[in-house]
Amino acid sequence: MTHVPDRLFTTPLAQVPDFTFNEDVVRVFPDMIKRSVPGYPTIVENTGVLAAQFAQANSTLYDLGCSLGAVTQAMRRHVSHSGCKVIAVDNSAAMVERCREHLNAQDAMFQELLPVTVLEADILNLTLEPTSLVALNFTLQFIAPEQRLELLQKIRQALLPEGALVLSEKLRFNDAAEHDLLNELHLAFKRANGYSELEIAQKRRAIEKVMLPDSLEEHRERLYSAGFSQVVVWFQCFNFASLIARP
Ligand SMILES: C[S@@+](CC[C@H](N)C(=O)[O-])C[C@H]1O[C@@H](n2cnc3c(N)ncnc32)[C@H](O)[C@@H]1O
Ligand SMILES: O=C(O)C(=O)C[C@]1(C(=O)O)C=C[C@@H](O)C=C1
């Protein structure tokens with residue numbers, strides 16, 4: 001798989017269209033997400049470690065909003081429980097097509113990986129099988145706020161008693177000074193990764209209406225409302241965090 005640099009926002013656009021996971025984004029996605037999300041490689045790899053910790057034999061593991069399947073690949077590197085399978089789901093046709101290619105390449109390189117099915121579907125309409133591990137890696141923030149609780153309730157109901165949800169998100173902060181500091185550090189991270197002021201500004205305009213981050217307090221409250229009994233932050237870098245939620 002070739003590594004295509006993200007240059008989507010390098011030239012001034014008369015009008016910045018709302019961000020979608022289309023063919024152009026898919027082509028540059030591995031570069032874009034690594035240069036945009038502080039800690040992304042650590043979160044992905046350790047979601048595999050968490051999956052191995054919580055997976056139960058003969059159960060399903062879900063990667064919801066799988067994009068190119070980075071988390072699915074990490075699960076397959078770390079989980080070897082007998083009878084487990086992965087279901088990876090995304091509603092972007094372009095992502096799903098490329099995700100299948102990436103997973104076929106992983107199958108060609110390694111033996112005895114967990115079987116995986118990639119579904120092109122809206123996770124809001126999906127019926128979940130009983131599951132030991134659900135990953136929502138930077139997906140919930142793209143779901144309409146009024147639909148987030150219902151999705152988490154559905155996940156909670158499908159989770160086996162010893163299972164877990166791994167939820168990674170960009171955060172906003174109720175304290176204005178904390179919000180500004182951590183956002184400024186995120187911008188510094190983007191600059192350090194080679195993004196120009198123009199690229200940063202145009203990307204912000206593209207995502208501001210389609211990606212609506214919550215605060216940690218909102219995540220905790222919503223997860224408890226959905227029926228989870230334990231919520232633990234296991235990773236945070238600047239304004240990006242990952243949580244474990246247990247039934
Ligand atoms: C930031 S990306 C996720 C990154 C990915 N999990 C990873 O670790 O590389 C968000 C993904 O969620 C998908 N998505 C957004 N809303 C969705 C929905 N309702 N159903 C299924 N997928 C959705 C998008 O198509 C996109 O691929
Ligand atoms: O907050 C930003 O500036 C981002 O680019 C974040 C983010 C994400 O968190 O998913 C948004 C869209 C892209 O998929 C990659 C990264």
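In listed order, ligands and their atoms are each counted from 1. Residue numbers run from 1 in the order of the sequence given.
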Q: Can you confirm, on distance only, whether ligand 1 has an N/O atom lying under 3.5 Å from any N/O atom belonging to Asp63?
A: no
Q: Of all the non-hydrogen atoms in the protein, which one sits nearest to atom 16 (C) of ligand 2, and at what distance?
A: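 Atom 16 (C) of ligand 2 sits closest to the protein heavy atom Val37 CG2, 3.7 Å.
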Q: Could you find the nearest protein heavy atom to atom 20 (N) of ligand 1 and give me its residue, atom name and distance?
A: Ile123 N, 2.9 Å
Q: Identify the protein heavy atom lying closest to atom 9 (O) of ligand 2, giving its residue, its atom name and the separation to 0.1 Å.
A: Gln141 NE2, 3.1 Å
Q: Would Thr10 and Glu199 count as having a side-chain donor-acceptor pair, cut-off 3.5 Å?
A: no
Q: Among protein heavy atoms, which sits nearest to atom 12 (O) of ligand 1, and what does the distance come to when rounded to 0.1 Å?
A: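 Answer for atom 12 (O) of ligand 1: Gly65 CA, 3.6 Å.
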Q: Looking at Phe29, which atoms of ligand 2 are within less than 4.0 Å of one of its heavy atoms?
A: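 Near Phe29, meaning under 4.0 Å from one of its heavy atoms, ligand 2 has 14 (O).
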Q: Whether Arg76 engages the ring of Phe110 as a cation-pi pair (distance to the six-membered ring centre under 6.0 angstrom, angle to the ring normal within 45°) should be assessed.
A: no
Q: Do Val233 and Val44 belong to the same hydrophobic cluster, where Ile, Leu, Val, Met, Phe, Trp and Tyr are linked whenever their side-chain heavy atoms lie under 4.5 Å apart, directly or via other members?
A: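 Per the 4.5 Å side-chain linkage, Val233 and Val44 are not co-clustered.
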Q: Can you tell me which residue and heavy atom of the protein come closest to atom 19 (N) of ligand 1, and the distance to 0.1 Å?
A: Asp122 OD1, 2.9 Å
Q: Quick test of your reading of the structure: of Val44, Ile33, Asn137, Val210, whose heavy atom lies closest to atom 8 (O) of ligand 1?
A: Asn137
Q: If you count heavy atoms of other groups shown closer than 6.0 angstrom to CD of Glu150, is the number above 12?
A: no
Q: For Glu23, does the CD atom have more than 12 heavy-atom neighbours from other residues, nucleotides or ligands under 6.0 Å away?
A: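 Above 12, so yes.
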Q: Show me which atoms of ligand 2 lie under 4.0 Å from any heavy atom of Lys203.
A: 4 (C), 5 (O), 12 (C), 13 (C), 15 (C)
Q: Would Gly69 count as a contact residue for ligand 1, given that I'm defining contact as a non-hydrogen atom of the residue lying under 4.0 Å from a ligand atom?
A: no
Q: Write out the residue and atom name of the closest protein heavy atom to atom 9 (O) of ligand 1, then the distance separating them to 0.1 Å.
A: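 Ranking protein heavy atoms by distance from atom 9 (O) of ligand 1, first comes Tyr40 OH, 2.6 Å.
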Q: Does ligand 2 come near enough to His186 that some N or O of the ligand is less than 3.5 Å from an N or O of the residue?
A: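 In fact, backbone or side chain, His186 has no N or O that close.
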Q: Tell me which one of Asp90, Val25, Thr72 satisfies side chain to side chain contact (heavy atoms under 4.5 Å, CB included) with Ser67.
A: Asp90
Q: Determine whether any heavy atom of Arg204 lies closer than 4.0 Å to an atom of ligand 2.
A: no
Q: May I ask you to decide if the ring planes of Phe19 and Phe9 are parallel, tilted or perpendicular, using 30° and 60° as cut-offs?
A: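 Because their plane-to-plane angle is under 30°, the rings of Phe19 and Phe9 count as parallel.
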Q: Quick one: look up the protein heavy atom nearest atom 11 (C) of ligand 2 and list residue, atom name and how far away it is.
A: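 Going atom by atom, the protein heavy atom closest to atom 11 (C) of ligand 2 ends up being Met211 SD, 3.6 Å.
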Q: Using heavy-atom distances only, which candidate in Asn91, Asn22, Leu64 approaches atom 18 (C) of ligand 1 most closely?
A: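 Going through Asn91, Asn22, Leu64 one by one, Asn91 has the nearest heavy atom to atom 18 (C) of ligand 1.
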Q: Among protein heavy atoms, which lies nearest atom 3 (O) of ligand 2, and at what distance?
A: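 Ranking protein heavy atoms by distance from atom 3 (O) of ligand 2, first comes Lys190 NZ, 2.5 Å.
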Q: Got the closest protein heavy atom to atom 1 (C) of ligand 1, with its distance?
A: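 Among all protein heavy atoms, the one nearest atom 1 (C) of ligand 1 is Phe138 O, 3.2 Å.
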